[in-house]
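Nothing here was measured: the structure is a model prediction, and the numbers come from that model.
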Amino acid sequence: VQLQASGGGLVQAGGSLRLSCAVSGRPYSSHAVGWFRQAPGKERDFVAAIRWGYGTTYYADSVKGRFTISRDRAENTVYLQMNSVKPEDTAVYYCAFAKGGLSTIPTGYNYWGQGTQVTVSS
């Protein structure tokens, strides 16, 4: 499995951005794709995750109500729609693939994309 994250950039506070994660291979229904983010000098934090088959989603409290994760199974792509962004959302965003299903911790994921930078200006 390979993942390719894209869509990062510079956005003003209060604005929107959509990240994409292209997944190679054929994910099974029980698999999951998650988004994590890592700011300089900080740990990699969970943002959101979606179960491939059922579309079940889970969000970190810090983004709940502002970010939406979705997937297009025909295109093998997972999206992270980021609305009402804040300066504290600034980080490198990574998508990751979990064979074991939904997880909120990095060690629950087996494959990682290369990351895409999101910078929110105040």
For [X] and [Y], which heavy atoms make the closest approach, and how far apart are they?
X      : Y      : answer
Thr77  : Glu75  : OG1-O, 2.9 Å
Gln12  : Val120 : C-CG1, 4.1 Å
Ala39  : Ala91  : N-CB, 3.9 Å
Gly108 : Ala98  : O-CB, 3.4 Å

Q) Is there a side-chain contact between Asn76 and Pro27 (heavy atoms, below 4.5 Å)? A)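 The answer is yes; the side chains approach within 4.5 Å.
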Q. Can you list the other members of the hydrophobic cluster that holds Leu10, where links are side-chain heavy atoms under 4.5 angstrom apart?
A.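 Result for Leu10 is none, singleton.
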(Q) Show every salt bridge (Lys or Arg N to Asp or Glu O under 4.0 Å) that has at least one partner inside residues 78-101, sequence neighbours left out. (A)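 Qualifying pairs, neighbours excluded: Arg37-Asp89, Arg66-Asp89.
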Q.
Applying salt bridge (Lys or Arg N to Asp or Glu O under 4.0 Å) as the test, list every pair that has at least one member in residues 101-122; sequence neighbours left out.
A.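 For residues 101-122, and leaving out neighbouring residues, there are no salt bridge (Lys or Arg N to Asp or Glu O under 4.0 Å) pairs at all.
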Q. What residues, two or more places apart in sequence or in another chain, satisfy salt bridge (charged side-chain N to carboxylate O under 4.0 Å, His left out) together with Asp72?
A.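 Salt bridge (charged side-chain N to carboxylate O under 4.0 Å, His left out) check on Asp72 returns nothing, list empty.
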Shared hydrophobic cluster for [X] and [Y] (ILVMFWY, side-chain gaps under 4.5 Å):
X     : Y      : value
Val78 : Tyr111 : yes
Phe36 : Val92  : yes
Val1  : Val33  : yes

Q) Taking atom OH of Tyr109 and atom SG of Cys95, what is their separation to the nearest 0.5 Å? A)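 Separation between the atoms: 11.0 Å.
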Q) Can you pull the disulfide (SG to SG under 2.5 Å) pairs that have at least one residue in residues 48-90, sequence neighbours excluded? A)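 For residues 48-90: none.
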Could you pull out every donor-acceptor pair under 3.5 Å between side chains of residues 40-59 and any protein atom, sequence neighbours left out?
{"from": "Arg44", "atom 1": "NE", "to": "Gln38", "atom 2": "OE1", "distance (Å)": "3.2"}
{"from": "Arg44", "atom 1": "NH2", "to": "Gln38", "atom 2": "OE1", "distance (Å)": "3.3"}
{"from": "Tyr59", "atom 1": "OH", "to": "Ile69", "atom 2": "N", "distance (Å)": "2.9"}

Q: For residues 86-106, pull every pair meeting ring pair (Phe, Tyr, Trp, His ring centres under 6.0 Å), keeping only residues two or more places apart or in separate chains.
A: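 Of all non-adjacent pairs touching residues 86-106, those that pass ring pair (Phe, Tyr, Trp, His ring centres under 6.0 Å) are His31-Phe97.
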**Q.** All pairs passing ring pair (Phe, Tyr, Trp, His ring centres under 6.0 Å) where residues 66-90 contributes a residue, at least two apart
**A.**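 Those involving residues 66-90 do not exist here.
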Q: Kindly state each residue pair satisfying side-chain hydrogen bond (donor to acceptor under 3.5 Å, both in side chains) with at least one member in residues 113-122, sequence neighbours excluded.
A: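 The answer is Gln117-Thr119.
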Atom pairs and distances, donor-acceptor, side-chain atoms in residues 16-24, under 3.5 Å, two or more places apart:
{"from": "Ser16", "atom 1": "OG", "to": "Asn83", "atom 2": "OD1", "distance (Å)": "2.9"}
{"from": "Ser24", "atom 1": "OG", "to": "Gln2", "atom 2": "N", "distance (Å)": "2.7"}
{"from": "Ser24", "atom 1": "OG", "to": "Gln2", "atom 2": "O", "distance (Å)": "3.2"}

